Amino acid sequence: MPQGQPDVVPDDGLTTRQRRNRPLTIVHTGVGKGKSTAAFGLALRAWNQGWPVGVFQFVKSAKWRVGEERALRVLGASGEGGTVAWHKMGEGWSWVQRSPENNEEAAREGWEQVKRDLAAQTYRLYVLDEFAYPMHWGWVDTAEVVAVLRDRPGAQHVVITGRNAPPALVEAADLVTDMSKVKHPMDTGQKGQRGIEW
């Protein structure tokens, strides 16, 4: 397996193994496509390692059937890798708010469930898909999110996706990718298509 060499080795008293295995907070943000796709790729890696995976979809419609959901549910039930649990909150697409009050309540309930699961160490990888939006819109307190993630027990990794990730979250995260857009078919009037967007 290829192993990269870090540019800096901090004087933190940890061994290389301890430093390598510490839990990460990962943020995929920006206006480009691929934030959720990258997070689900991490979920596949976690499943392959036998880790329990919890996916929490914030804001996206509970009626929306994404290909990653079906694939990960099948894999999770196969008994060959880790388990996969999928939780959906909200009723509208991320940037088309149909019922802001209902979505806000669902987002808060979803965050409360994530906090309970983190405390119980239910999963090894948490995918908080589109969770940057509830923080950006003020539905969920960013300072609380940062504190809960900082103080979570065990070796639980958390990946958060969504545009407009709050600066405090970006600052606290261990790995941040800002996905920029160079071109997108929607720029020329093409709607999302099966197999590409879902």
Side-chain angles (χ1 to χ4, degrees), residues 1-2 20-29 32-94 102-103 105-135 140 145 148-149 151-163 165 169 173-177 179 192-198:
M1 291 294 286
R20 173 185 289 159
N21 294 325
R22 66 187 183 88
L24 299 176
T25 298
I26 301 167
V27 175
H28 297 163
T29 193
K33 178 175 168 41
K35 297 176 287 292
S36 297
T37 304
F40 294 136
L42 287 174
L44 287 174
R45 288 180 175 173
W47 170 83
N48 186 58
Q49 293 298 322
W51 296 356
V53 176
V55 177
F56 295 80
Q57 278 196 299
F58 289 83
V59 185
K60 284 182 181 169
S61 173
K63 298 173 187 170
W64 202 56
R65 300 289 176 234
V66 294
E68 295 95 343
E69 177 184 359
R70 181 167 181 239
L72 283 166
R73 283 187 185 273
V74 168
L75 289 172
S78 72
E80 293 187 28
T83 58
V84 178
W86 202 284
H87 309 276
K88 293 185 179 188
M89 289 70 77
E91 61 184 35
W93 179 243
S94 304
N102 293 344
N103 279 334
E105 183 180 333
R108 286 188 179 143
E109 288 173 10
W111 170 237
E112 291 302 317
Q113 183 61 52
V114 170
K115 290 195 302 186
R116 288 190 292 272
D117 284 333
L118 285 167
Q121 300 183 58
T122 305
Y123 308 108
R124 181 78 189 273
L125 176 72
Y126 295 73
V127 176
L128 308 187
D129 189 36
E130 307 289 1
F131 189 51
Y133 287 100
M135 285 182 277
V140 174
V145 171
V148 168
L149 295 180
D151 298 334
R152 69 189 184 272
Q156 303 174 94
H157 300 287
V158 178
V159 58
I160 296 171
T161 72
R163 296 180 182 199
L169 177 67
D174 302 291
L175 190 161
V176 178
T177 299
M179 305 217 178
Q193 61 179 296
R194 202 179 291 271
I196 302 298
E197 270 76 32
W198 71 91

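We use all heavy atoms of the structure for the numbers below, so side chains are in, but hydrogens, waters and symmetry mates are not. As the structure is a computational prediction, the values presented were derived from the model and not from experiment. Residue numbers start at 1 and run along the sequence shown.
With values rounded to the nearest 0.5 angstrom, Phe58 atom CZ is found 10.5 Å from Glu109 atom CD. One distance of note links CG of Leu125 with CZ of Arg45; it measures 11.5 Å at 0.5 Å rounding. Between Glu69 atom CD and Lys88 atom NZ the span is 3.5 Å, to the nearest 0.5 Å. One distance of note links CZ of Arg116 with CD of Gln113; it measures 4.0 Å at 0.5 Å rounding. Annotation: the span from Met135 atom CE to Trp111 atom CH2 amounts to 7.5 Å, rounded to 0.5 Å. In this structure, the separation between CG on Asp129 and CH2 on Trp86 is 7.5 Å, given to the nearest 0.5 Å.
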Using residues 151-159 as the side-chain source, report each donor-acceptor pair under 3.5 Å to any protein atom, sequence neighbours left out, with the distance given to one decimal.
{"residue": "Arg152", "atom": "NE", "partner": "Gln156", "partner atom": "O", "Å": "2.7"}
{"residue": "Arg152", "atom": "NH1", "partner": "Thr25", "partner atom": "OG1", "Å": "3.0"}
{"residue": "Arg152", "atom": "NH1", "partner": "Leu149", "partner atom": "O", "Å": "2.5"}
{"residue": "Arg152", "atom": "NH2", "partner": "Leu24", "partner atom": "O", "Å": "3.0"}
{"residue": "Arg152", "atom": "NH2", "partner": "Thr25", "partner atom": "OG1", "Å": "3.4"}
{"residue": "Arg152", "atom": "NH2", "partner": "Gln156", "partner atom": "O", "Å": "3.1"}
{"residue": "Gln156", "atom": "OE1", "partner": "Tyr126", "partner atom": "OH", "Å": "2.5"}
{"residue": "Gln156", "atom": "NE2", "partner": "Leu118", "partner atom": "O", "Å": "3.0"}
{"residue": "Gln156", "atom": "NE2", "partner": "Pro153", "partner atom": "O", "Å": "2.8"}
{"residue": "His157", "atom": "ND1", "partner": "Leu24", "partner atom": "N", "Å": "2.9"}

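Closest approach of Ala132 and Arg163 over heavy atoms only: CB-O, 3.5 Å. The heavy-atom pair separating Ala85 from Tyr123 by the smallest distance is CB-OH, 3.3 Å. The minimum heavy-atom distance linking Thr29 with Ala165 is given by the pair OG1-N, 3.2 Å.
Ion pair Lys115/Glu112 flagged as a salt bridge, since at least one NZ, NE, NH1 or NH2 atom sits closer than 4.0 Å to an Asp/Glu carboxylate oxygen.
Classified by interplanar angle (parallel below 30°, tilted 30° to 60°, perpendicular above 60°), the ring pair Phe56/His87 is parallel.
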side-chain contact (heavy atoms from CB on, under 4.5 Å) assessment of Val127 paired with Glu68 = CA-CA 12 Å; Val127 176; Glu68 295 95 343; over 6 Å; no
Verdict with supporting geometry, Val53 and Leu72, side-chain contact (heavy atoms from CB on, under 4.5 Å) = CA-CA 9 Å; Val53 176; Leu72 283 166; 5.8 Å; no
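Side-chain atoms of Thr161 come within 3.5 Å of backbone N or O of Glu130 as a donor-acceptor pair.
Take Trp47 and apply the ring-ring contact (aromatic ring centres under 6.0 Å, His included) test, not counting sequence neighbours, and it matches no residue.
Heavy atoms from other residues, nucleotides or ligands lying under 6.0 Å from CZ of Arg70 number 12 at most.
Side-chain contact between Phe131 and Val145 is present, with at least one heavy-atom pair separated by less than 4.5 Å.
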